[in-house]
Amino acid sequence: MKIPPVKGTRDFYPADMAVRNWMIDGWKKVSLRNGFEEYDGPIFEYLKMFQLKSGDEIVEQLFSLKDRGGRELAIRPEITPTLARMVNQKISSLPKPIKWFSVPRLCRAERPQRGRLREFFQWNIDIIGVDDVLADAETIFCALDYLQEVGLTPNDIVVKISNRKMLAAILQSIGISQGELEPLYAVLDKRDKLPQEAFEEMLTKQVGDENKRTLILKLMTVESIEQISSVVELSKTAKESVDELGRLFELLDVMGAGDFCVFDIGIVRGLAYYTGIVYEIYDKESELRAIGGGGRYDNLLKQFGGPNIPATGFGVGDCVLAILLEEKGLLKPKPQELDYFITFVSNITFNDKEGNIQSTPEDEMVKLTAKLRRLGLKADFSYKLTESLSKKLKEASTRNAQKCIIIGEEFKDNQLSVKDMATGQQELVDINKFLAEVKLQSR
RNA sequence: GUGAAAGUAGCUCAGUUGGUUAGAGCACUGGAUUGUGGAUCCAGAGGUCGCGGGUUCGAACCCCGUCUUUCACCCCA
């Protein structure tokens, strides 16, 4: 019986695995050089943990199960709640700020589409315990540090940034009540995702008052921070958060990442828990869904039963990123290589003075391969039964061997033929000398 | 979860109005070449035409269902 792979999952064949490892290794390398430490949690948690943050409708979007003890569990659709729990548990003993990263494997029971699968990897970076907008700048820098590392430029991607605190303050000064904010965010978040007409229709349903609506529509057209004050008069809080946004762009400039970043008042993020700076990273043509996004979530740890501690962070999924890098020709995983590929010539034996067979070339091949492996080198041999050396050299080529060793007649004089596969040059080397040199090389 | 389109070899695709044994390129295996790779040539293997049912003398082709993928919604933590 043939069993197909599950909807929305991927099989990682060696070539795919090379891509996945290349990407994740890059994330880890950049995280570490930006001063973040790696953490991870369990792949499933209590279902309640995800309901707490996002409500009941989210239950439909995740894979849940009941264990034999009747516990309601769910496979993690995100790692932030786990992070909150882990930090809360040790909050008093952890030095601040907490700069942690993770590359969790996540599952969401959504309908798969291009760039969105049911199982994926997500690079997460968080800074906990810093109020300063510098922390937001640092997380954005870190994301860009990686994206630049793999070759993306301001011509390829853009970070669209806004401030929820600012939006809240302005909307409240227009006359939108606290309770209306949340559903209104959901509408405003759609500005770039819907045709203008559909957007205005949604807005009309949400905001009955025409004067307010006109102001909001006008506000949503501003293209720079400076323009905001020309549309509405800023309250004290609004002015502070506009300044905060200004300071963020200053810092991003100072860090040399300013070319990637723009202000975009349409960035709201659907999620309820964001409290300040919010941003999303897109491909320049906006052909794909968001590459990643994040922002400040100052209330989340408290919501998970911890102290009132500010936090900011982002997530970048592997699916959209892989599509973008593929399109740009920037997907360059290292091919699997061998240091040595060991072959032998058939139809000879190695005899003692009396003519008794002491060993065969095949045994010598296995012996040498084992020795090289024990010395820490990547070494392999052919399982082909063919006597054709040609075929074995061909295999050495396809295996990306740097050097090919041939055990033949010259082995009787303790010599190996060592062929450099890149230059095609071949030399006779004394076997003991060869092993001594390899030993030095492997240190 | 709703609506739409697509599905032929490992990959990219051809396949005439429904007509005999479903093809090509790349990749793979063997040989040309029993001590020399990447090239070339020859050969081989690989298919229940996504799956199930129906119409028909006859189905890769038409109809229904289903699965998967993609697109538009919902959602996007």
Side-chain angles (χ1 to χ4, degrees), chain A residues 1-11 13-16 45 49-55 57-62 74 76-84 104 106-118 120 122 124 186 189-190 193-195 198 268-274 278 280 287-295 297 300 313-315 317 319-320 323 341 343-348 361 382-411 416-426 428:
Chain A
M1 189 158 87
K2 214 173 181 179
I3 298 176
V6 175
K7 183 196 191 93
T9 64
R10 286 170 291 178
D11 291 330
Y13 288 87
D16 312 303
E45 295 274 3
M49 173 165 260
F50 304 113
Q51 286 171 309
L52 183 62
K53 189 173 117 183
S54 321
E57 62 281 15
I58 227 71
V59 174
E60 315 225 328
Q61 310 264 31
L62 44 80
R76 62 184 177 190
E78 57 171 331
I79 201 170
T80 314
T82 303
L83 171 69
L106 307 176
C107 291
R108 296 176 186 175
E110 294 171 302
R111 185 133 185 178
Q113 273 180 46
R114 182 171 152 91
R116 184 165 84 175
L117 297 170
R118 289 187 161 188
F120 56 97
Q122 192 184 60
N124 280 255
D189 189 54
K190 298 244 182 311
K193 294 158 188 164
L194 287 177
V268 184
R269 311 267 301 148
L271 214 62
Y273 67 72
Y274 287 107
V278 282
E280 286 174 358
E287 282 170 358
L288 306 172
R289 53 183 70 242
I291 298 161
Y297 52 99
L300 192 68
F314 72 78
C319 302
V320 176
I323 292 169
F341 192 80
T343 64
F344 65 92
V345 171
S346 310
N347 291 343
I348 54 169
S382 178
Y383 275 98
K384 283 190 203 303
L385 295 173
T386 179
E387 290 179 353
S388 159
L389 185 60
S390 169
K391 288 286 169 197
K392 293 179 192 169
L393 277 164
K394 191 170 180 168
E395 191 178 352
S397 275
T398 57
R399 295 288 302 275
N400 290 319
Q402 299 193 334
K403 298 201 169 167
C404 188
I405 294 173
I406 302 160
I407 298 170
E409 286 291 340
E410 62 275 22
F411 190 80
L416 295 170
S417 290
V418 180
K419 185 183 179 82
D420 186 305
M421 296 301 284
T423 64
Q425 282 181 347
Q426 186 171 321
L428 283 174

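Because the structure is predicted, anything quoted here is derived from the model rather than measured.
For A:Asp189 and A:Glu410, each mapped to the nucleotide of RNA chain B holding its nearest heavy atom, the one lying further toward the 5' end belongs to A:Glu410. Projected onto RNA chain B by closest heavy-atom contact, A:Thr9 and A:Gln122 fall at different nucleotides, the more 5' of which corresponds to A:Thr9.
Counting atom types as modelled, A:Glu395 pairs no side-chain N or O with a base atom of B:G38 as donor and acceptor under 3.5 Å. Residue A:Ser388 places no side-chain atom within donor-acceptor reach of the base of B:G35, judged by atom type and a 3.5 Å distance cut-off alone. Judged by distance alone with a 3.5 Å cut-off, no donor-acceptor contact links the side chain of A:Ser397 to the base of B:G38.
Nucleotide B:A6: paired with B:U68 (Watson-Crick or G-U wobble, both distances less than 3.5 Å). Pairing for B:C62 is with B:G54, a Watson-Crick or G-U wobble pair whose two hydrogen-bonding atom distances lie under 3.5 Å. Judged by Watson-Crick or G-U wobble contacts below 3.5 Å, the nucleotide B:U17 has no partner. For B:G35, there is no paired nucleotide, since no Watson-Crick or G-U wobble pair has both relevant distances below 3.5 Å. Nucleotide B:C49 has no partner under the Watson-Crick or G-U criteria, as no pair reaches both atom distances under 3.5 Å. Shown here, B:G30 forms a base pair with B:C42; the pair counts as Watson-Crick or G-U wobble because both key distances fall under 3.5 Å. As the counterpart of B:G1, B:C73 is assigned, both hydrogen-bonding distances of the Watson-Crick or G-U wobble pattern falling under 3.5 Å.
Going from the C1' atom of B:C75 to that of B:G1 covers 11 Å, rounded to whole Å. With both ends at atom P, the span from B:G54 to B:U12 equals 32 Å, rounded to whole Å. Straight-line distance between the C1' atoms of B:C62 and B:G18: roughly 8 Å, to the nearest whole Å. Taking atom C1' in both B:U55 and B:C64, the straight-line distance is 11 Å, to the nearest Å. Between B:A24 and B:C41, the distance separating the two P atoms is 15 Å to the nearest Å. Comparing B:A22 with B:A9, their C1' atoms are spaced 11 Å from each other, to the whole Å. Here the separation of B:C74 from B:G3, taken at their P atoms, is 15 Å to the nearest Å. A distance of about 27 Å separates the C1' atoms of B:C13 and B:G38, rounded to the whole Å.
Using a 4.5 Å heavy-atom cutoff, the side chains of A:Ile406 and A:Val345 are in contact. When side chains are defined from C-beta on, A:Gln61 does not count as touching A:Pro77, because their heavy atoms never get closer than 4.5 Å. Side-chain contact between A:Ile405 and A:Ser417 is absent, with no heavy-atom pair separated by less than 4.5 Å. Looking at heavy atoms from C-beta onward, A:Arg114 lies in side-chain contact with A:Leu288 at the 4.5 angstrom threshold.
Taking atom CE of A:Met49 as the reference point, atom P of B:A77 lies 18 Å away to the nearest angstrom. The separation between A:Tyr13 atom OH and B:C28 atom P is 17 Å, rounded to whole Å. The interatomic distance linking A:Lys7 (NZ) with B:G1 (P) rounds to 7 Å, in whole Å. Here B:U34 presents its P atom at 11 Å from NZ of A:Lys391, a figure rounded to the nearest Å. Separating the CZ atom of A:Arg108 from the C1' atom of B:A77 is a distance of 5 Å, rounded to the nearest angstrom. Protein atom CD of A:Glu387 is 14 Å distant from nucleotide atom C1' of B:G30, rounded to whole Å. For the pair A:Asp420 CG and B:G37 C1', the computed distance is 12 Å after rounding to whole Å. Computed from coordinates, the A:Phe341 CZ to B:G35 P distance equals 17 Å when rounded to whole Å.
Contact annotation for A:Lys392: no contact, since no heavy-atom pair falls under 4.0 Å across all strands. Heavy atoms of A:Ser417 sit under 4.0 angstrom from at least one base atom. Heavy atoms of A:Glu280 sit nowhere under 4.0 angstrom from any nucleic acid atom. Looking at heavy-atom distances under 4.0 Å, A:Gly8 makes contact with sugar-phosphate atoms alone, never a base. Nucleic acid contact class of A:Gly315 (heavy atoms, under 4.0 Å, all strands): none.
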Quick one: what's the B/S/- string for nucleotides 70-75 of chain B, heavy-atom cutoff under 4.0 Å, read 5' to 3'?
SSSBBB
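A:Ile348 CD1 to A:Ile407 CD1: the interatomic distance, rounded to the nearest 0.5 Å, is 9.0 Å. From A:Gln426, atom CD reaches atom CE of A:Met421 across 10.0 Å, with rounding to the nearest 0.5 Å.
Residue A:Ser390 places at least one side-chain N or O closer than 4.0 Å to OP1 or OP2 of B:G37.
Closest approach of A:Leu117 and A:Gly8 over heavy atoms only: CB-O, 3.4 Å. Heavy-atom minimum distance, A:Met49 versus A:Thr82: SD-N, 4.2 Å.
Among A:Lys391, A:Glu395, A:Arg399, the one residue that satisfies the side-chain hydrogen bond (donor to acceptor under 3.5 Å, both in side chains) test with A:Ser382 is A:Glu395.
Side-chain atoms of A:Asn347 lie closest to B:U34 of the nucleotides B:G37, B:U34, B:G31. Distances were taken from every side-chain heavy atom of A:Lys394 (C-beta onward) to each of B:U29, B:G37, B:G31; the shortest belongs to B:G37.
Cation-pi geometry between A:Lys392 and A:Phe344 is met: the NZ or CZ atom falls under 6.0 Å from the ring centre, inside 45° of the normal.
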